[in-house]
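The shown structure was predicted, so the numbers you read here are calculated from the model rather than taken from an experiment. All values below come from the heavy atoms of this structure, side chains included, with hydrogens, waters and symmetry mates left out.
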Amino acid sequence: MGAKAGSVLGNLIGSAATSVTGQRPDSPLSTKALTTTILNHVRLGRLAKAVSILFSSAVPFPFSVYAHLFRICASNKAIVEARKLESHLVTFTPNPPVFLLNRAIESYGKCNCLEDARELFDEMPTRDGGSWNAMITAYSRNGRAEDALGLFSKMNAEGLFASEVTFASVLGSCGDVLELWLSRQVHGLVLKYGFVGNVILESSLVDVYGKCGMMSDARTMFDGIESPNDVSWNVIVRRYLEAGDGNEAVNVEEDEVVSSTLISMYAKCGDLESARRIFYLPCSKNLISYTCMVSAYALSGRMTEARELFDEMPERTVISWNVMLAGYTRFFEWDKALDFVILMRKRTKDIDHVTLGLILNMCAAIPDLELGKQVHGYAYRHGFYSNLFVGNALLDMYGKCGNLIRARIWFYEMSHLRDKVSWNALLTSYARHGLSEEAMVIFWKMLGETKPSKFTFGTLLAACANIFALALGKQIHAFMIRNGYDIDIVISGALVDMYSKCRCIVYAMKVFNKADSKDVILFNSMILGCSHNGMGGKAVELFETMEKEGIKPDHVTFQAVLRACISDGRVELGRQYFELISNRYCLMPQLEHYDSMIELYGQRFVNDHGPHQFREPCKHPRNLNDWCFPFYSEALEFVHNLDTIRFCRKQLLRYERTESLLCFLNGCVHKGAKSCCWLGADEKLFLYIFKMQRRQE
DNA sequence: CTAGGGTTAG
């Protein structure tokens, strides 16, 4: 039965689609099937095909089909299809509902075909508010401000209510033709119809007053907005700028408040030049604009300029001090931050919760537990301990300084006010110090009190990676997907890391490929993952992709590719990468890179000579090569200081090469004696050499 | 009226 019914349906669809006089045109079944076909075409982006099927079927379709198709026509600017649609609708539906005709007007408007829209509007047997709204919006969007405003007046005369969208359109048109008088009337209507608190309309009003040159009205309007959004800010800033450019005497310089607002807005948008321009206008310097400007410099990392300006301030508040300190901490200038705190203590008695938070961040970063404890005491004595921000900063400080006991105690002491940041901070402390299992226990407790955030999961995934808890890691991943958590670039990195550490490199790759944006850190995690899973070739490939995408590798990237070279025994490639570090990317090779090179050459020696074969050192060495085996002369190039020597020693001990070790150490002494005194301090090393020599004799 | 602060991944 099913198969037969299917073929009958197929015939029906075929005939209905090709002939206007199809069989049983009023059959609900055939309309339903046709609808499905039409919607399928729409879904595949074939709008013209969908409309032609509809057009050749002499049956009325459900309203929702027309509504849907009109929407698509509007967004695709498909005027031909829109006209066909309207004609089909009015032909086969005796009394088409007003709302569908309104949709048609909207579509014509979006297709910039105002004549079609107006024709339909005029011919409609009945019109509702939506028809007027659609027509007015169509005029307004197409730059026909006069027509839009004319129709709006008529609409009000007929006692119809304009919608939010219409008001926005009308206000836009008022701005286009600088209709201040009408704008004020519209303002009245906005209030009358209860649109108070509508950010979009209120911002539009700010805009239109600004355009009409009524900056004081714009300002009053703006101040009345309860929670201004980006658009509101953009509008007021743009209007003030225009006003300021056109007529300097009237604005900006007179209003200190505005100049401060502008400076801080520009600072937040990263436009330092504009901020400066406002600040250096005559009469705009005051305590607050100074602070804003210092903050603008500090936010963009220009700490020297920030400090110069800060030093020339005639007076300062605690906020001025704080913005300066925040700049130092934001850009990790801990020494300067510490000096600044000391200076601050000398110069002012003003310290508030923000200052304490910043100082605690500094203590956590240096790290300085003792100073942190002093801050704790200060906070206690001055009544800041019940401030959540200070409390969390304290918790973070104890955690980062490695004092988990105090972190835990403080966490319980602040139980009456703690939030999810507190939980995350505690969790992080445990995970960071390798206490991954304990971190998991804390997580389960956390669930009883608060909802986990993506920070929680980031931390947990790292903990899973540490203890190779693949099953739990997968559960967290699945939980995040199921509950719609954003798998952002950081979480992707944590997942890649967790999966590759758990030897689940295929999953790691999947996560990596799915990430919609990639930065150097994510690439690093993936490259490192490949290196650790014996996929050196893939790691090298990723490095090349990264270069192609214009992402600049950092020192971790090079560590990762060098590791790949080690795992694949690709000495020459490793050497090339090492040279890229300084030649192409202007980075300073770090200790770890030297270590990797030593390891790479060490491996080659083992490969070339077998584990237990080595040449006798020269009896009377004249140069470095005489001193050393092939490996050591090459590896020695990468010997930079005591740490690399220690690393070499470790490597040689690992391969149980006592004689080589002695020879190598001699080589180091030789090199050191010739060039610089970097060996000087390590008495232990010398003692070791002497001991070894004695044992040889 | 207008200015400042936090937790996450190699």
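The side chain of A:Thr291 sits closest to B:dA3 out of B:dA9, B:dA3, B:dG6. Closest to the side chain of A:Arg432, out of B:dA9, B:dT7, B:dA3, is B:dA9. Of the candidates B:dT8, B:dG10, B:dA3, B:dA3 carries the atom nearest the A:Cys292 side chain, counting heavy atoms from C-beta on. Nearest to the side chain of A:Ile319, among B:dA9, B:dA3, B:dT8, sits B:dA3.
Looking at heavy-atom distances under 4.0 Å, A:Asp352 makes contact with a base. Heavy atoms of A:Ser289 sit nowhere under 4.0 angstrom from any nucleic acid atom. Counting non-hydrogen atoms under 4.0 angstrom, A:Asp554 reaches a base of the nucleic acid. Here A:Ile288 lies in heavy-atom contact (under 4.0 Å) with a base. Residue A:Val323 is in sugar-phosphate contact alone, with no base atom involved, counting any heavy-atom pair closer than 4.0 Å across all strands shown. A:Asn466 comes within 4.0 angstrom of nothing in the nucleic acid, heavy atoms only.
When only modelled atom types and interatomic distance are considered, A:Asn392 and A:Asn424 share no side-chain donor-acceptor pair under 3.5 Å. For A:Ser204 and A:Asp207, the side-chain atoms include no donor-acceptor pair closer than 3.5 Å.
For the pair A:Thr459 (side chain) and A:Thr428 (backbone), a donor-acceptor distance under 3.5 Å is absent.
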For residues 401-414 of chain A, please give each side-chain donor-acceptor pair under 3.5 Å, one per line with the distance, not counting sequence neighbours.
unit_1, atom_1, unit_2, atom_2, d
A:Asn403, OD1, A:Arg406, N, 3.1
A:Arg408, NH1, A:Tyr430, OH, 3.2
A:Arg408, NH2, A:Tyr412, OH, 3.2
A:Trp410, NE1, A:Gly391, O, 2.9

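When rounded to the nearest whole Å, the span between OH of A:Tyr290 and P of B:dT2 equals 22 Å. What separates NZ of A:Lys420 from P of B:dG6 is a distance of 18 Å, to the nearest Å. Rounded to whole Å, the distance from CZ on A:Phe411 to C1' on B:dT7 is 13 Å. Atoms CH2 (A:Trp410) and P (B:dG6) sit 19 Å apart, rounded to a whole Å. As a whole-Å value, the separation of A:Met293 CE from B:dT2 P is 20 Å. Atom CE in A:Met362 sits roughly 16 Å away from atom C1' in B:dG6 (whole-Å rounding). Taking atom CG of A:Leu388 as the reference point, atom C1' of B:dG6 lies 9 Å away to the nearest angstrom. Distance A:Ile491 CD1 to B:dA9 P: 10 Å, rounded to the nearest Å.
A:Tyr290 and A:Phe279 have perpendicular rings, their planes meeting at more than 60° on a 0 to 90° scale where under 30° would count as parallel.
The side chain of A:Arg219 contributes no N or O atom lying less than 4.0 Å from OP1 or OP2 of B:dC1. Put simply, A:Arg316 has no side-chain N or O that comes within less than 4.0 Å of OP1 or OP2 on B:dA3. For the pair A:Lys501 and B:dG10, the criterion of a side-chain N or O lying under 4.0 Å from OP1 or OP2 is met.
Scanning atom types as modelled, one donor and one acceptor separated by under 3.5 angstrom connect the side chain of A:Thr317 and the base of B:dA3.
Atom CD1 of A:Ile566 is separated from atom CG of A:Leu600 by 5.5 Å, given to the nearest 0.5 angstrom.
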